[in-house]
Amino acid sequence: MGFFGKIFSALKKTKDGMSEKLRVLFAKDKIGEEFYEDLEELLISSDISVNTAVEMVDDLRDRMIEEKAKDKDYVVSELKKEIKNCLDRAEDLDIGFPAVIMVIGVNGVGKTTSIGKLARYYTSKGKSVTIAAADTFRAAASDQLKVWADRAKVRIVASSEGSDPSAVVFDALSSVKAKKTDLLIIDTAGRLHTKSNLMEELKKMSRVVAKEYPEAEFYKFIALDATTGQNALSQVKIFDEAVGIDGIILTKLDGTAKGGFVISLCNELEVPVAFVGTGEQIDDIEVFDKDEFIEGMF
């Protein structure tokens, strides 16, 4: 699809909303103090957090007043630079191998689908992949994961419902070490922060990986449903405090106009978006591209 491809297309709803709001704003206000107050409100209405919106507009206003800027295209281009600065607060991920990626998150965000897509992405890059079905809490979870493993043509290590998830992880680690597999992707049960036993289970699985496979790069990704908007910030914060979050898999971006919250995530929590789900097919996953994201918003 070219440089501006699937992420750009997935942001259509966000772009349509932002572009219309900016058009109305420029038609309403000359570029003065009132304009910047209205711009702040516009950004907040596009699901950018209050803290991040205020920070961006304050920086932008100071520079534009100093430069006596009145051209709307120039102001928009400088706003894009402010957004880039926010996104750059989260350091880009450079995945090293052998690697373990543990995928966590609440129920219903598209974890299982994302794991299948991740497996397909890495096999398309020539990496060997195994999936560990460590969601033994939800009925039929491993069956659903096996379907995606088959689609991605990768191995899966599973156990019966109700088994100890850490035991599944241990078995999977033994397997990938023996076979010198490049990547192990671990599925986990969906959980809320109120389920303390499940949060402790995550910590236990993390300890098993660290102890049994110290030579591997270990990443913890949280799957986030883009349609939840700013509520995603609290999810990331809670899981980050529990086990440490290295990256975000953003799902359902094509179904929302709330794409602006990604800016707040990177700016305030400094957790990078690693991958973006751009559709329902197994190949519909992209490495997050900041420039494409920014251009897709406006």
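The shown structure was predicted, so the numbers you read here are calculated from the model rather than taken from an experiment. Note that the numbering runs from 1 along the sequence shown for the chain.
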Please walk me through it: do Asp71 and Ile31 pass side chain to side chain contact (heavy atoms under 4.5 Å, CB included)? CA-CA 8 Å; Asp71 179 75; Ile31 299 176; over 6 Å; no
Heavy atoms only: give me the nearest Ala152-Ile282 pair and the separation to one decimal. N-CD1, 3.7 Å
Lys/Arg-Asp/Glu bridge criterion (N-O < 4.0 Å) met for Lys81, Glu78: yes
Side-chain heavy atoms of Ile95 within contact of Glu217, under 4.5 Å: no
Can you tell me if Tyr219 uses its side chain to pair, donor with acceptor, with the backbone of Gly96 under 3.5 Å? yes
I'd like to know if the side chain of Lys204 reaches the main chain of Ser166, judged simply by a donor and an acceptor atom lying under 3.5 Å from each other, with no hydrogens or angles considered. no
Side chain of Ser174, backbone of Phe170: donor and acceptor closer than 3.5 Å? yes
Under 6.0 Å from the six-membered ring centre of Phe275 and within 45° of its axis: does the NZ or CZ of Lys117 meet both? no
Is it true that, when you exclude Lys80 itself, more than 12 heavy atoms of the residues, nucleotides or ligands shown sit nearer than 6.0 Å to its NZ? yes
Quick one: CE on Met64 to CG on Leu79, what's the gap to the nearest 0.5 Å? 10.0 Å
Side chain Asp240, main chain Ile245, donor-acceptor under 3.5 Å: yes
Relative to each other, are the rings of Phe293 and Phe288 parallel, tilted or perpendicular (30° and 60° limits)? tilted
Specify the closest pair of heavy atoms between Lys111 and Ala223, including all atoms of both residues, with the distance to one decimal. CG-CB, 3.7 Å
4.5 Å side-chain heavy-atom contact, Thr123 and Lys153: no
Under the side chain to side chain contact (heavy atoms under 4.5 Å, CB included) criterion, do Tyr213 and Val176 qualify, and how do the steps go? CA-CA 10 Å; Tyr213 203 7; Val176 299; 4.0 Å; yes
State plainly whether one hydrophobic cluster holds both Val287 and Leu118, where clusters connect Ile, Leu, Val, Met, Phe, Trp and Tyr through side-chain heavy atoms under 4.5 angstrom apart. yes
Closer than 3.5 angstrom, by distance alone: can the side chain of Lys290 be matched with the main-chain N or O of Lys84 as a donor-acceptor pair? no
Spell out, yes or no, whether Val75 and Ile83 are grouped together once hydrophobic residues are joined by side-chain heavy atoms under 4.5 Å, including indirect joins. yes
Does a side chain donor of either Asn51 or Ser49 reach within less than 3.5 Å of an acceptor in the other side chain? no
Shortest non-hydrogen contact from Thr136 toward Ser163: OG1-O, 2.6 Å
Spell out, as yes or no, whether a donor-acceptor pair under 3.5 Å connects the side chain of Thr228 to the backbone of Asp225. yes
Kindly indicate whether the side chain of Asp38, heavy atoms from C-beta on, has any atom under 4.5 Å from the side chain of Glu34. yes
Decide yes or no on side chain to side chain contact (heavy atoms under 4.5 Å, CB included) for Lys179 and Arg155, but give the supporting numbers first. CA-CA 11 Å; Lys179 295 180 180 295; Arg155 295 173 58 249; 3.5 Å; yes
Report yes if some heavy atom in the side chain of Met199 is under 4.5 Å from a heavy atom in the side chain of Ile238; otherwise report no. yes
Between Val103 and Val157, is there a shared hydrophobic cluster once you connect ILVMFWY residues whose side-chain heavy atoms come closer than 4.5 Å? no
Side-chain heavy atoms under 4.5 angstrom apart, residues restricted to Ile, Leu, Val, Met, Phe, Trp, Tyr: same cluster for Ile101 and Trp148? no
Look up atom CG in Leu173 and atom CE in Met205, then write down how far apart they are to the nearest 0.5 Å. 11.5 Å
Cluster link Phe35 to Val76, ILVMFWY, side chain under 4.5 Å: yes
Between Lys177 (side chain) and Glu212 (backbone), is there a donor-acceptor pair under 3.5 Å? yes
Presence of salt bridge, Arg61 and Glu33, under 4.0 angstrom: yes
Under a 3.5 Å distance rule, please check whether Thr251 uses its side chain to pair with a backbone N or O of Leu224 as donor and acceptor. yes
Side-chain ion pair, Lys203 and Glu200, N-O less than 4.0 Å: yes
Take Val106 and Phe239 through the side chain to side chain contact (heavy atoms under 4.5 Å, CB included) test and state the conclusion after the steps. CA-CA 10 Å; Val106 302; Phe239 283 102; 4.2 Å; yes
Hey, are the side chains of Ile294 and Leu87 touching, using non-hydrogen atoms and a 4.5 Å cut-off? yes
How long is the span from the SG atom in Cys86 to the CG atom in Asp59, to the nearest 0.5 Å? 8.0 Å
Using the rule side-chain contact (heavy atoms from CB on, under 4.5 Å), only one of Ile115, Thr130, Ile131 pairs with Val154; which is it? Ile131
How many angstroms lie between OH in Tyr121 and CD1 in Ile285, if you round to the nearest 0.5 Å? 9.0 Å
Any side-chain heavy-atom pair of Met102 and Phe218 under 4.5 Å: yes
Flag the pair Tyr74 / Glu67 as yes when at least one side-chain heavy-atom distance between them is below 4.5 Å, and no otherwise. yes
Do side-chain atoms of Ser128 reach the backbone of Asp182 as a donor and acceptor pair under 3.5 angstrom? yes
The single option from Leu145, Asp187, Ile185, Val129 passing side-chain contact (heavy atoms from CB on, under 4.5 Å) against Ile156: Leu145
Which pair of heavy atoms, one from Ala232 and one from Leu265, lies closest together, and at what distance? O-CD2, 4.4 Å
Just verifying a value: how many Å separate Ile44 CD1 and Thr52 OG1, rounded to the nearest 0.5 Å? 10.0 Å
Taking every non-hydrogen atom, the tightest pair across Ile186 and Ala134: CG2-CB, 3.9 Å
Tell me if a side-chain donor or acceptor on Asp284 pairs with a main-chain N or O of Gln281 at a distance below 3.5 Å. yes
Atom CD in Glu55, atom CD1 in Ile48: separation rounded to 0.5 Å? 11.5 Å
Please report the closest heavy-atom contact between Gly190 and Asn107, naming both atoms and the distance. CA-OD1, 3.2 Å
